[in-house]
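The structure appears right after this line, and notes come after that.
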Amino acid sequence: MDLDEFRSHAHQMVDWMTDYLAGIEQYPVRAQTHPGEVAGKLSASAPAAGEPVQRIMADFARDVLPGVTHWQHPSFFAYFPANSSPPSVLAEMLTATIGAQCMMWQTSPAATEMETRVLDWLRQMIGLEEGFTGVIQDSASGAILAALLTAREKATGFEANEAGLTGGPELVAYCSDQTHTATEKGAKIAGYGRRNVRKIATDDTFAIIPAELEKAIQADIAAGRKPACAVASLGATGVGAIDDLAAMGEICRRYGVFFHVDAAWAGSALILPEYRWMLEGQETIDSLVFNPHKWLLTNFDCAAHFVRDPEALIRTFAIDASYYAGPEAGQVIDYRDWGVPLGRRFRALKLWFVIRSYGIEGLQAFLRRHIALAEELEAKIAAERDFELVAPRVLSLLNFRFRPAGSASEAETDALNERLLNTLNASGEAYFTPNRVRDRYAIRISIGQTRTKARHVDAAWDLIRRTARAL
Ligand code: PLP
């Protein structure tokens, strides 16, 4: 494809992209395909000769698009949002076109320097104190792994990096029974072992019980193990649990435990002054991650990871090779040493576009609108006799179940709600996530898609009531 052809296809592509977004409500939210259906339509081997873009695009529309779940659909209420926005997409087009691999300052100084600057904008926007330095990771899981590895190195005097994890006391990581699985996964990878992850009990608000955390730490010390890392949740995945950072942090300090905060979803709400209380106790934390790629209108992937001691992070990851040496070493940031992957895309660009395009006030307005929609829905669910909320609303996250009068056993209610959820998602009209709250089946609604308006939430609630009563 020469550049004239590229220009013409690119113009057509932008038209397709705009039409897609304008007409997205015509698609079922969740793909309605069966396992293997898309694979069956894709050629079993690569073509020997090149094909025209028109044919590729036609096949995409016919064979691939039906197998896509439409995350940018305004009736997407599943998981957490991965909301994108037009300025973010424009920046992604630039990033893809420039195609820079930004592993080091030298391989694209603008990418490095913009990343440092824009992450500091974000730090200020969420009210995180000075002294934290930011880096973009591919995912919250990547940032949590980085925290667990840094904690491991600090706990072993940076010896695990040298000698491996042989001989010393077992390292232990702490989180709550609500914490996202990324902590357990990270602990497996980082050599703690799944058995050394303590899932501490939570209270009625689903927040970790600090006294239980301390008891667990003491028991591990008494058994000769080494408490190394604790992960607090600001908005855990299931019901949005928010841990008390001050109480956890005080315990972590006393026992020399590295303290990380997983604010993957709810961290975006810290740009709202009325939710800053979630960060109380921030003076005790060592690192925090939140994902602008969830709820800050920035395309996947973009996880903002803030660390108090970048030297410890760099010492954990840095590796020397003559081909990565540069005359600027020591005067500049080389982000290749701040996480697992060497190669990095120019991800700061989309944040720069999004924040400048909406301004802090524009972004705040988006989040407040989503939270207000969730508040309205919460009131409607609470007012309905045969539905009940199974956990308090957190920001724009709700969990409820259908419980008609004279319901039989809990097990039957679980089965009824599972049938309800599967019927709803199969309708293609809206998309929700199943959940278990204190072991009872619940339907989870997360409001946060860029284009979700009151009419979409109202339609979803009508759909839920109609479907439930017809079961
Ligand atoms: N932490 C929380 C609270 C989450 O909800 C999620 C995913 O939804 C993650 C971590 C993992 O996020 P990522 O996909 O960026 O690794």
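In this text the structure is predicted, and so the values were computed from the model without any measurement.
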For the residue pair Phe387 and Phe400, categorise the inter-ring angle as parallel (less than 30°), tilted (30 to 60°) or perpendicular (more than 60°). tilted
Measuring from Trp16:CH2 to Phe60:CZ, what's the distance to the nearest 0.5 Å? 4.5 Å
Kindly determine whether Gln124 and Asp120 satisfy side-chain hydrogen bond (donor to acceptor under 3.5 Å, both in side chains), including the steps that lead there. CA-CA 6 Å; Gln124 296 170 47; Asp120 203 57; 3.1 Å; yes
Can you see which heavy atom on Glu153 is nearest to which on Ala160, and at what distance? OE2-CB, 3.2 Å
If we ignore angles and hydrogens, is there a donor and acceptor under 3.5 Å between the side chains of Asn299 and Glu92? no
Carefully, step by step, assess Trp338 and His305 under the rule side-chain hydrogen bond (donor to acceptor under 3.5 Å, both in side chains). CA-CA 10 Å; Trp338 292 55; His305 179 203; over 6 Å; no
Within the distance-only criterion (no hydrogens, no angle test), does the side chain of Asn425 pair as donor or acceptor with the backbone N or O of Phe432 below 3.5 angstrom? yes
Going by the side-chain hydrogen bond (donor to acceptor under 3.5 Å, both in side chains) test, which pairs reach into residues 273-286, not counting sequence neighbours? Glu274-Arg368
In short, salt bridge (Lys or Arg N to Asp or Glu O under 4.0 Å) pairs touching residues 199-209 with sequence neighbours left out are Glu184-Lys199
Between Glu384 and Lys380, does any NZ, NE, NH1 or NH2 come within less than 4.0 Å of an OD or OE carboxylate oxygen? no
Do we see a donor-acceptor contact under 3.5 Å between the side chains of Thr202 and Arg438? yes
Going by side-chain hydrogen bond (donor to acceptor under 3.5 Å, both in side chains), name the pairs with one or both residues in residues 230-245, residues two or more places apart or in two chains. none
To the nearest 0.5 Å, what is the distance between SG (Cys102) and CE (Met114)? 10.5 Å
Suppose we screen for ring pair (Phe, Tyr, Trp, His ring centres under 6.0 Å). Which residues come up paired with Phe80, at least two apart in sequence or across chains? Trp265
What residues, two or more places apart in sequence or in another chain, satisfy ring pair (Phe, Tyr, Trp, His ring centres under 6.0 Å) together with Phe300? His293
Side chain Arg123, main chain Phe306, donor-acceptor under 3.5 Å: no
Separation of Asp337 CG from Arg315 CZ (nearest 0.5 Å): 13.5 Å
Is any side-chain heavy atom of Phe317 closer than 4.5 Å to a side-chain heavy atom of Leu149? yes
Any side-chain heavy atom of Val457 sitting closer than 4.5 Å to one from Thr452? yes
Exactly one candidate in Ile464, Ile445, Leu389 meets side chain to side chain contact (heavy atoms under 4.5 Å, CB included) with Leu377; the answer is Ile445
Polar contact flag, side-chain donor to acceptor under 3.5 angstrom, His456-Ser75: no
Name all residues meeting the ring pair (Phe, Tyr, Trp, His ring centres under 6.0 Å) criterion together with Tyr27; count only those two or more places apart in sequence or in a different chain, and write none if there are none. Tyr20, His70
Would you check if the side chain of Glu418 reaches a backbone N or O of Tyr441 as a donor-acceptor pair within less than 3.5 Å? no
Looking at Arg440 and Glu388, is any side-chain nitrogen of the basic one under 4.0 Å from a carboxylate oxygen of the acidic one? no
